Peer 1: 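Input: one structure, supplied below.
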Amino acid sequence: MKTDCAIKDHILRDICKNGQEITHLLDNDLSADNCILQCSTHSASESYENPPMGLKNQCHKLVVSNNLILEDSRSQSLPDCFLDEKDTKNGNLEIVDNCDIKEKLLFQEASPPLSPSSESWFKTWPERCDRIKSNETSPSNSLSKSKNTHTSKDNNCDINIPINGLSLNEALQNISLAYSPVTKQLHLVETPQNNTVDEVDHVSTNQNLSNDLQSSVDIGTSEQRKLGHRRIEAGSFSSTVSSISESSTLGSLLDSDERSLSNFEECIERPSKKKSFTNFLSRNVFTWKPADVPSSVGNVLKLFGKNTQLLPSVSPQHVVASSSALIQHPRPSNLPAKSLEEEEKHREEYKAILAAAKKKEALYSATREKLEKKQLRQEERLTNAAKHFTQLVLPNWETMKMNKKTRELWWQGLPSNVRGKVWALAIGNELNLTQQLYEICLARAQARLNSPEPKTSELAIDQEQSMDVIQLDISRTFPHLGIFQEGGPYSEVLHSLLAAYVCYRPDVGYVQGMSYIAAILILNMEQYNAFICFANLLNQPLHLSAFTLNQNQMQAYYEAFNELFNYNLPRLFSHFRNSGLTPDLYLLDWIYTIFAKAMPLDVACRIWDVFLRDGYEFIFRTALGILYLHQEALLKMDFLDGAQFLTRLPDNISPDLLFKSIQTISTNIGKQTFSQIVNRYSSINEHQSLS
Amino acid sequence: MSYAYLFKYIIIGDTGVGKSCLLLQFTDKRFQPVHDLTIGVEFGARMITIDSKQIKLQIWDTAGQEAFRSITRSYYRGAAGALLVYDITRRETFNHLTTWLDDARQHSNSNMVIMLIGNKSDLESRREVKKEEGEAFAREHGLVFMETSAKTAANVEEAFINTAKEIYEKIQEGVFDINNEANGIKIGPQHSPTNPSLPGATGSSGSQGGGCC
């Protein structure tokens, strides 16, 4: 039964051709589902004409998988598959003749052996197995490893080899083929004794994951480690299947297999069938994953990493070590054996334990993964934003500050590494303050603090008083941060800045609330810049009115806010009016500290971001956003509860929800801008106070 | 929770004398060594029982800085009681009492009960204002006086409750017109002639007096 080399070469070429074609097709995205289906069928039928030994089954199985998934009609597709399979059986008979030649060829070559991972399920009949094993010990293992790292398709190595640039001989060697006297065919094979145990188990447990694990436990010796790996894949696989179709998919497939194939063949075939299906899934369904994962085993492990990683019991050696697995072991011979019921009971118990653990871990890992993904997205966004600001915006501030993308990124929150710079540019220095001026103010303030001799002028007394208050307030600014308290790193900085401001603007002096504004600036930029920003910020109309206690003007702001409130949230507005909750009660703190006191620091900084982008209106917009966010709760509160709630907002505020809420608030009423409304009220108030 | 009356309180006094800490001790029974400063006004509430009647205290805790006086003035309106607080370890807070008192008298209901409180009595070693000085000031201006410690909770309950008792007595005497909310007293929504906690209590409303003391 020997054929010449030409036939062998011909067959090998076919392997390459079909392999290439199929691999190529499979590499396509799932979006080309139908195309894959068609082409695969095509290539499969081609391969039937010139059956490339083990590849035939692979191709065939891929088509089956395609049919299963894409047509979603197992009952229909399956019979066809079997017809196909039966048809090709004739072709296979030819190949059988080539078997000897190929084997001879394989072992003449000192080419790289199989990697351990492929070995685990590509074991051949005993004599071949031995030879492959001896090859494995050769030092050229690295080559085979790199081959395996190249692509996940290596597990179906017969398909992929040409792409990986390996020699045909290597390719052949990696195909674990064996002649089965029962079917009179060549087959992809595995270690027979393992398979027998496995498959019996599989048939009885219908591919249930926990049963898979169960069976690996049953086998339960360290010798079965590699089998365990394969088992993990099978487990992952069946769980994937159940998420895509139903776990019975495979069961029905197996059932029909049983009808057409002998028991023996079934034992050999099924694992490879699962394998190809797994591979198919990993290639086409999960296209997002990186292509260069170490090996197909690793690949699957990685793909389903959360399951395997978090389920240590999946790995056989752990299973054996764990106490819950011990109940699976037969008792030592000097003890009476377990009864059947007991054994069954233990099996059930162990299954339950595994299932519960798996469920718990799946839940945990799902939430963790979600969180991690969110974090990752956030980090990525910040990196991109930082890049945009440092490379484009900061060097070209005037032209880029109104840029659409800039504004959008700005709204989403400035990255902390550019925040201070952007703030400084946004605030500007209208007052043309210089470092010298700051130093003069600082020196004067320090002199005053060090020589507390009584001043004669009233202004000096006032100033001194506000200086005293600064001292008191430093430690009461962000007390939970612990950095402005006495001895804290920023205590002195904050004190100097505020004292310098009092000397710069003795007419305004120090007013409570300023310490929070100064602290926020100090946290984001260095002292001198913080002073410039502080002075310029406080020179803006709203804060100048606030800190000079210009009650008439503040009343105009409150009234304008009320109008906006009524326009945006009429229901809550009338509820507040009925309960007597006036806006000054809660707005005062929000305006004087620009939400630094009311909000967690990170949220406050985000509000500051947009406040410095959009101007003072944003403070009122944010206020309405807060009211809108808590509208339903506030509607149920009386005056006292509402006032308490708004002057002590919950700490667990979500910036995303808040900004979503703010986004719904409009600061224009019709064509009137907020400033116009304020101006209208301030002129009314002025008129009233005059008359 | 149902209540017979609701009294509005206002806490005033210089910044840093411990107004917010007194409130926190009274409402939450805890002390924060470093409290963040109060800007504008903050609120607290607690239910107390006087003469077997549930009384809700609605407490306005104001900013103490001189600059904010123009704002806090508007908060006096409708207050039935005021706690005027100074710090026994800082004389200037005692010296400012007259201006606070003038403000309070000027902008509040004339019947408003004012309790003078010398806080931080736990800091005896740093005391700058003698207890007798406080007592004398209170006598002179017709105030009730008490030294308290928000830290140790000494006299804190008493300060708030004694003020409430005095307001309650004024109601019984008919000094307060409880139907005028500008007096800082509201009749509770569930208030009925027969108080569930004291079925035998007489009087359909507090202004008619009654009950045994």
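Remember, it's a predicted structure, so these values are computed and weren't measured experimentally. Letters go in sequence order (proteins before strands), and every chain restarts at 1.
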Peer 1: Looking at I39(B), I71(B), T38(B), V41(B), which has the largest count of heavy-atom pairs under 4.5 Å with chain A?
Peer 2: I39(B)
Peer 1: Could you list which of residues 554-565 of chain A have a heavy atom closer than 4.5 Å to any heavy atom of chain B, in residue-number order?
Peer 2: none
Peer 1: Can you tell me which portion of T548(A) sits under 4.5 Å from chain B's heavy atoms? Options are side chain, backbone, both or neither.
Peer 2: neither
Peer 1: Report which part of Y516(A) has an atom under 4.5 Å of a heavy atom belonging to chain B: side chain, backbone, both, or neither.
Peer 2: side chain
Peer 1: Would you mind checking which part of R69(B) comes under 4.5 Å of any heavy atom in chain A, side chain (CB onward), backbone (N, CA, C, O), both or neither?
Peer 2: neither
Peer 1: Taking K56(B) first and then D641(A), would you say they form a salt bridge - that is, a charged N and a carboxylate O separated by under 4.0 Å?
Peer 2: no
Peer 1: Should we count CZ of R126(B) as having more than 12 external heavy atoms under 6.0 Å?
Peer 2: no
Peer 1: If I compare all heavy atoms of L549(A) with all of A67(B), which pair ends up nearest, and what's the gap?
Peer 2: CG-O, 3.2 Å
Peer 1: Evaluate whether atom CD of E133(B) has more than 12 neighbouring non-hydrogen atoms of other residues, nucleotides or ligands under 6.0 angstrom away.
Peer 2: yes
Peer 1: With a 4.5 Å heavy-atom cut-off (strictly below), which parts of residues 471-483 of chain A touch chain B? List them by number.
Peer 2: L472(A), D473(A), S475(A), R476(A), T477(A), P479(A)
Peer 1: Looking at CZ of F639(A) and NZ of K186(B), how far apart are the two atoms once the value is rounded to the nearest 0.5 Å?
Peer 2: 8.5 Å
Peer 1: Using the six-membered ring wherever Trp is involved, compare the ring planes of Y592(A) and F68(B) and label them parallel, tilted or perpendicular (cut-offs 30° and 60°).
Peer 2: tilted
Peer 1: Contact part of Q512(A) toward chain B, heavy-atom cut-off under 4.5 Å: side chain, backbone, both or neither?
Peer 2: both
Peer 1: Which heavy atom in S515(A) sits nearest to a heavy atom in L37(B), and how many Å separate them?
Peer 2: OG-CD2, 3.9 Å
Peer 1: Going by heavy atoms in the side chains, are F484(A) and V34(B) under 4.5 Å from each other?
Peer 2: no
Peer 1: To the nearest 0.5 Å, what is the distance between CG on D584(A) and OH on Y75(B)?
Peer 2: 5.5 Å
Peer 1: Any chance CD of Q631(A) has more than 12 other-residue heavy atoms, nucleotides or ligands included, within less than 6.0 Å?
Peer 2: yes
Peer 1: Taking all atoms of both residues into account, what is the closest heavy-atom pair of L640(A) and A45(B), and its distance?
Peer 2: CD2-CB, 3.2 Å
Peer 1: Can you give me the closest heavy-atom contact between G44(B) and Q644(A), atom names plus distance?
Peer 2: CA-NE2, 3.6 Å
Peer 1: Assess whether atom OH of Y490(A) is packed by more than 12 heavy atoms of other residues, nucleotides or ligands within 6.0 Å.
Peer 2: no
